[in-house]
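Report on the following structure.
By convention in this document, chain letters (A, B, ...) are assigned in the order of the sequence lines, proteins followed by strands, and residues within each chain are numbered from 1. Atom set for the values below is all heavy atoms of this structure, side chains included, hydrogens, waters and symmetry mates excluded. Not measured: the values here are computed from a predicted model.
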2 protein chains.
Amino acid sequence: MKKKKSFTIYDLARKLNYSPSTISRALKNHHSISEKTIEIVKKAAEEEGYRPNILAASLRNNQSKTIGVLVTRINRPFSSSLISGIENAASKEGYNILISQSNDLYKNEVASVKALFDSRVCGIIATLGMETENVKHFDQFAKIGVPVVFVDRVPADFESYTVVIDNYTAAFNATNHLIEQGCTRIAHFAGAQHLNVYRGRKKGYVDALIKNGLAVDDSLIITMKSLSAEEGEAATEQLMQTANPPDGIFCSNDTTAVSAILTLKKLGVKIPEEVAVIGFNDDPIASIVEPALSTVSHPAQEMGELCTRRILQHVLKKEGTPKIEERSVLDTHLIIRASSNRKNNP
Amino acid sequence: MKKKKSFTIYDLARKLNYSPSTISRALKNHHSISEKTIEIVKKAAEEEGYRPNILAASLRNNQSKTIGVLVTRINRPFSSSLISGIENAASKEGYNILISQSNDLYKNEVASVKALFDSRVCGIIATLGMETENVKHFDQFAKIGVPVVFVDRVPADFESYTVVIDNYTAAFNATNHLIEQGCTRIAHFAGAQHLNVYRGRKKGYVDALIKNGLAVDDSLIITMKSLSAEEGEAATEQLMQTANPPDGIFCSNDTTAVSAILTLKKLGVKIPEEVAVIGFNDDPIASIVEPALSTVSHPAQEMGELCTRRILQHVLKKEGTPKIEERSVLDTHLIIRASSNRKNNP
DNA sequence: TTGTACGCGTTATCAT
DNA sequence: ATGATAACGCGTACAA
């Protein structure tokens with residue numbers, strides 16, 4: 001269905017007996033146009049319902065005001081908060097955002113990145129999928145000077161902006177907290193180890209154990225494919241059936257942590273007395289589950305805003321400041337709730 | 001920072017000694033181009049890393065393959081699921097989605113709609129904000145034949161596609177269920193009444209009471225501005241302090257319902273024996289809170305997919321099928337959990 | 001202060 | 001089967 005031709009600066013020019021260029025300039029308050037003309041043009045534009053065609057402007061300028069965003073799943077607390085932050089910061093500066101999700105499939109990720117490139121985004125913000133092990137598909141951006149910001153799940157070896165949290169320290173602190181609560185046999189629900197976030201969390205966990213003189217028992221480390229509720233339940237059941245079950249679990253996300261809590265309750269295990277549990281992300285469910293889940297807060301919204309700022313800084317930058325690499329590490333916060341707090345439940 | 005000029009069909013044409021039009025056609029498998037030429041062109045395009053410039057194509061075709069999406073807050077279970085559905089259906093057909101959020105502010109909504117229009121989206125999917133009482137800002141789309149799909153929170157008087165659930169029936173059934181459980185004094189947490197969804201839910205609640213011969217007590221109907229957790233808590237406390245507190249609460253969303261449950265527990269009120277609670281949406285927290293929250297499931301993801309389908313149907317439609325109005329009402333499902341189930345807690 | 005002319009990358013139309 | 005040309009709407013160098 002073809003759309004009607006829209007009202008352009010040419011139509012406006014004809015109507016006002018000006019040249020199109022004068023209209024164009026007046027509309028953007030060019031200094032060489034008289035106040036009066038600007039006023040006339042703007043008034044007429046308003047009356048006629050003129051709206052600029054951004055496609056044409058972007059093509060002409062070889063530069064769009066659209067930021068591409070790629071996440072694994074839009075429909076997840078972390079992602080949606082991240083996107084929300086990105087959108088708020090972007091729209092405030094007159095930038096649009098183009099969104100796509102990979103559903104954690106490498107194939108989709110590559111296709112989405114291509115699509116975003118074809119749309120000539122002025123920058124791209126991306127979180128890597130579970131299956132992603134190389135990031136060649138982002139090379140095309142670097143090649144033409146379009147900034148790439150990787151956030152949260154980031155590659156090891158790509159020259160780009162990076163916005164992350166310190167997964168290692170957060171995990172170390174979380175595990176350390178469990179030890180302070182008296183846990184001596186702590187299990188860990190780990191995620192795919194080729195992803196920085198899960199690698200960091202596992203390493204923090206292991207180092208906290210070592211630092212405190214506790215044994216690292218590989219049978220207590222369950223590595224999961226997608227950290228789903230089902231996997232969390234299965235792992236919890238499996239662990240509790242062993243001769244020597246854990247007295248604490250540090251989970252790489254809240255989904256599996258909440259799942260662990262529900263499963264432990266089903267098994268009649270007392271939380272946190274017999275098994276203390278701590279998660280990661282501070283999803284809404286964390287504060288609702290009973291006992292409330294201790295977790296690590298993830299400043300998703302702020303991360304999104306920062307990502308946008310990185311893109312804008314880069315785009316608005318003048319020549320001569322080509323540094324396209326900068327790593328931002330945001331603070332996390334350990335939130336201690338009932339699921340790991342033995343002090344209040346002596 | 002200016003970007004490098006990109007590799008175009010002209011470069012490809014020069015390199016292969018073909019005309020740009022041949023390249024253009026070969027790239028889209030035009031039937032008039034020989035197999036051999038197509039192969040040659042595609043191979044070279046691949047080698048040179050040629051990527052089409054969608055901006056140029058859209059400008060030339062006066063038709064983009066981008067769907068605009070406007071929600072109130074990206075960062076909400078319903079919205080993010082909706083968007084996820086929209087994105088999945090769109091990307092499958094090679095369409096992109098441009099997202100913005102109004103944060104429930106009318107001013108933002110108008111600005112976002114303008115921005116989406118300026119980007120020449122081929123269709124727009126929107127959920128109205130809390131403050132929105134008129135939808136003039138959508139007229140510009142109708143004017144040039146761009147389809148508008150309103151979803152969930154929709155206007156009463158705008159010719160467009162509409163994707164909704166039957167709020168009235170869902171609310172009626174939810175309230176009826178509370179009555180079946182023995183509730184006789186049921187409160188209602190209502191939302192802004194100029195929005196169809198909250199109006200429908202309230203009406204369903206009222207009619208269920210009437211149908212069952214129960215009195216409609218205005219003091220039991222609390223109308224909230226934003227249906228936030230804080231409002232839910234305040235309303236619950238207020239209700240329970242009265243001489244004649246309710247024995248059931250039908251809430252217009254899960255946020256206030258969960259808030260009610262937590263507040264009731266704090267007050268030592270037994271759920272569902274003394275007060276049964278039911279929410280709306282089936283957010284993740286609904287199944288986690290204790291007792292688990294009965295609620296109405298909202299097929300957000302499917303609604304999103306349907307919205308996209310409406311746009312695509314319209315866009316791909318040939319001339320002569322101009323019907324731009326069609327109302328789709330999706331089924332909801334009453335999910336009975338512990339917060340309203342007195343049968344299992346005699 | 002305003003106007004003219006061209007090009008951004010693509011595709012549709014009309015030729016050859 | 002392929003090529004030449006114009007046009008989509010806008011912005012800008014250059015001219016007046």
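- For the side-chain contact (heavy atoms from CB on, under 4.5 Å) with B:Tyr18, the lone residue among B:Leu12, B:Ile23, B:Ile33, B:Ile9 that qualifies is B:Ile23.
- Rounded to whole Å, atom P of C:dT4 lies 13 Å from atom CD1 of A:Ile23.
- The residue B:Ser21 sits close to a base: some heavy atom pair falls under 4.0 Å.
- Considering A:Ser79, A:Ser80, A:Pro77 in turn, A:Ser80 is the only one that fulfils the side-chain contact (heavy atoms from CB on, under 4.5 Å) rule with B:Asn75.
- Screening B:Ile125, B:Asn88, B:Val71 against B:Ile83 for a side-chain contact (heavy atoms from CB on, under 4.5 Å) leaves a single residue, B:Val71.
- If you measure from atom CG of A:Leu59 to atom C1' of C:dC6, you get 13 Å, rounded to the nearest angstrom.
- As judged by a 4.0 angstrom heavy-atom cut-off over every strand, A:Ser34 is placed among residues touching the sugar-phosphate backbone only.
- Looking at which nucleotide of DNA chain C each of A:Glu35 and A:Pro20 is closest to, the 5′-most match is held by A:Glu35.
- You'll find that the side chain of A:Ser24 is closest to D:dT12, out of D:dT12, C:dG9, C:dT2.
- Atom C1' of nucleotide C:dG9 and atom CG of A:Asn62 are separated by 10 Å, given to the nearest angstrom.
- Phosphate contact (OP1/OP2 of C:dC8, side-chain N/O of B:Thr8, threshold under 4.0 Å): absent.
- Heavy atoms only, all atoms of each residue included: B:Asn196 and B:Val154 are closest at OD1-N, 3.0 Å.
- Within the nucleic acid shown, B:Asn17 comes within 4.0 Å of sugar-phosphate atoms alone, with no base atom in reach, counting heavy atoms only.
- At least one side-chain heavy atom of B:His137 sits less than 4.5 Å from a side-chain heavy atom of B:Tyr106.
- Put simply, CG on A:Asn29 is 13 Å from P on C:dT1, counting in whole angstrom units.
- OP1 or OP2 of D:dG3 sits under 4.0 Å from a side-chain N or O of B:Thr22.
- Within 4.0 Å of A:Tyr10, counting heavy atoms only, lies at least one base atom of the nucleic acid.
- For A:Ile54 and D:dG9, the CD1 to C1' distance is 12 Å, given to the nearest whole Å.
- Between the CZ atom of A:Arg60 and the P atom of C:dG7 there is a distance of 10 Å, given to the nearest Å.
- Distance from the side chain of A:Ser32 is smallest to C:dT1 among C:dA12, C:dT1, D:dT2.
- Distances shorter than 4.0 Å separate some side-chain N or O of B:Ser19 from OP1 or OP2 on D:dG3.
- If you check every strand for non-hydrogen atoms under 4.0 Å, B:Thr37 touches sugar and phosphate atoms only.
- Distance from the side chain of A:Pro52 is smallest for D:dC10 among the nucleotides C:dT2, D:dC10, C:dT10.
- With hydrogens and angles ignored, a donor-acceptor pair under 3.5 angstrom links the side chain of B:Arg25 to the base of D:dG3.
- Using a 4.0 Å heavy-atom distance criterion, B:His31 is classed as a sugar-phosphate-only contact.
- Separating the CD atom of A:Gln63 from the C1' atom of D:dG11 is a distance of 13 Å, rounded to the nearest angstrom.
- Taking a cutoff of 4.0 Å between a charged side-chain nitrogen and a carboxylate oxygen, B:Lys136 and B:Asp139 do not qualify as a salt bridge.
- Rounded to whole angstrom, the span from the CG atom of A:Asp118 across to the P atom of C:dT11 amounts to 11 Å.
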